[in-house]
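So the structure is just underneath, and the comments pick up after that.
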Amino acid sequence: MLKNSLTFLGTGGGRVVVFRQIRHSGGMWLNLDGVNILIDPGPGSLIRIFERGFDTKDIDIIVVSHRHLDHCADLNSVIESASESTRNPKDLLVAPEDVVEGEDPILLKYLKKAIKEYIPVEENKEIHYKDIKILSRMKHIHEGAQTYGLEFLSKNKKIVYVPCGKFYEDMLKGYSKGADIMIFNTTFPRKVEGYYHLSVDDVERMIEKYRPKLAVLSHFSISMLRADPEKVAAKISRKTGINVISAYDGMRLQF
Ligand SMILES: [Zn+2]
Ligand SMILES: [Zn+2]
């Protein structure tokens with residue numbers, strides 16, 4: 001029986017799509033070996049969690065890829081809910097330092113006690129929790145926000161998440177190959193100078209290089225929606241021979 005699942009609470013990316021809710025946002029709910037991991041609780045995450053039949057109380061780990069609001073605007077609401085207003089602290093928060101500490105943190109100070117452990121993400125760090133491992137990978141270049149690639153591993157499954165960032169050649173060697181699912185924040189259909197996001201060309205090169213069993217495109221801007229993510233995914237699939245799909249709001253994969 002397939003017991004692992006990955007649900008896309010939202011698939012929007014970029015300012016217009018997320019902040020006008022043309023697609024939902026709110027991140028991903030990953031259940032890996034019985035561990036519930038909420039990744040990138042952007043705007044609406046709290047609502048989408050319940051709407052999709054989950055419960056914040058079941059969250060074991062919250063992971064934030066970076067401090068931009070499309071990835072963490074609901075962090076406080078979700079922690080408030082999940083910890084029953086700090087009475088029942090959650091096990092683990094994994095996020096770059098600028099999400100939790102410093103001048104302008106995203107996490108409200110009083111909610112620090114709603115988390116048993118906070119582990120800051122740095123390049124190539126290994127975090128263990130029960131039978132799973134979270135690996136932080138390479139640093140992304142992303143508009144002043146500390147951002148790292150992330151891999152989630154159980155004994156025999158590997159999910160790789162490539163968050164937002166500007167493409168550079170090292171991105172063709174910073175991740176591991178052959179993931180069961182590799183998620184790409186594919187914001188733009190074409191490279192846009194001055195924007196620190198991945199384009200379809202960048203993602204195609206990475207898919208070719210890393211050859212996951214399944215590649216999933218998500219985090220779509222308005223120009224990406226106009227280009228039709230389904231068609232884009234089919235085209236990359238034809239060119240690379242890899243199974244590539246585009247995510248839709250509420251999409252649930254079992255593996
Ligand atoms: Zn961002
Ligand atoms: Zn983003």
Side-chain angles (χ1 to χ4, degrees), residues 6 8-30 37-45 48 62-76 78 93-100 102-107 120-123 136-151 159-168 171 174-175 182-203 206 215-227 229 232 246-249 251:
L6 174 67
F8 288 78
L9 300 173
T11 56
R15 286 177 186 93
V16 178
V17 172
V18 171
F19 291 102
R20 300 191 65 79
Q21 288 292 293
I22 294 165
R23 284 240 186 156
H24 291 168
S25 50
M28 296 170 277
W29 183 292
L30 172 64
I37 310 168
L38 177 67
I39 305 164
D40 279 353
S45 194
R48 302 302 162 208
I62 299 174
V63 177
V64 177
S65 70
H66 66 288
R67 58 173 283 125
H68 290 154
L69 288 182
D70 51 334
H71 297 260
C72 64
D74 262 18
L75 178 65
N76 292 302
V78 167
L93 171 66
V94 173
E97 210 186 356
D98 60 357
V99 173
V100 175
E103 283 253 300
D104 189 20
I106 300 292
L107 181 70
V121 182
E122 290 150 23
E123 210 161 22
S136 56
R137 286 298 188 174
M138 55 184 317
K139 196 176 172 78
H140 282 209
I141 303 169
H142 192 47
E143 296 172 78
Q146 295 172 19
T147 310
Y148 298 91
L150 294 159
E151 304 194 355
I159 309 302
V160 176
Y161 175 37
V162 183
C164 306
K166 182 190 174 117
F167 182 80
Y168 61 111
M171 285 176 90
Y175 286 96
M182 192 165 186
I183 305 142
F184 293 90
N185 282 2
T186 315
T187 311
F188 293 125
R190 277 166 294 280
K191 245 187 227 314
V192 190
E193 281 313 318
Y195 282 87
Y196 285 54
H197 285 281
L198 294 174
S199 71
V200 168
D201 287 348
D202 306 327
V203 169
M206 292 177 80
V216 183
L217 316 183
S218 190
H219 208 59
F220 304 126
S221 71
I222 195 86
S223 57
M224 190 65 193
L225 291 179
R226 284 194 191 115
V232 170
S246 63
Y248 55 87
D249 292 344
M251 181 174 86

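Nothing fancy with the numbering, it's 1 onward along the sequence. Counting starts at 1 for both ligands and their atoms, following the listed order. Bear in mind the structure is a predicted one, so any value in this text is a computation, not a measurement.
- We find that Arg137 and Glu151 are joined by a salt bridge, their nearest charged nitrogen and carboxylate oxygen being less than 4.0 Å apart.
- Here the angle centred on the Zn ion (ligand 1), running from NE2 of His66 over to ND1 of His68, is 100°, rounded to 10°.
- Computed with the Zn ion (ligand 2) at the centre, the His71 NE2 to Asp70 OD2 angle is 90°, stated to 10 degrees.
- Nearest N, O or S atom of His142 to the Zn ion (ligand 1): atom NE2.
- Look at Arg48 and Asp249 and you find no salt bridge, because none of the NZ, NE, NH1 or NH2 atoms lies under 4.0 Å from a carboxylate O.
- A 6.0 Å sphere centred on CD of Glu97 holds no more than 12 heavy atoms belonging to other residues, nucleotides or ligands.
- At a threshold of 2.8 Å, the Zn ion (ligand 2) has a backbone or side-chain N, O or S atom of Cys164 nearer than that distance.
- Classification of Lys191 and Asp202 as a salt-bridged pair holds, one side-chain N sitting under 4.0 Å from a carboxylate O.
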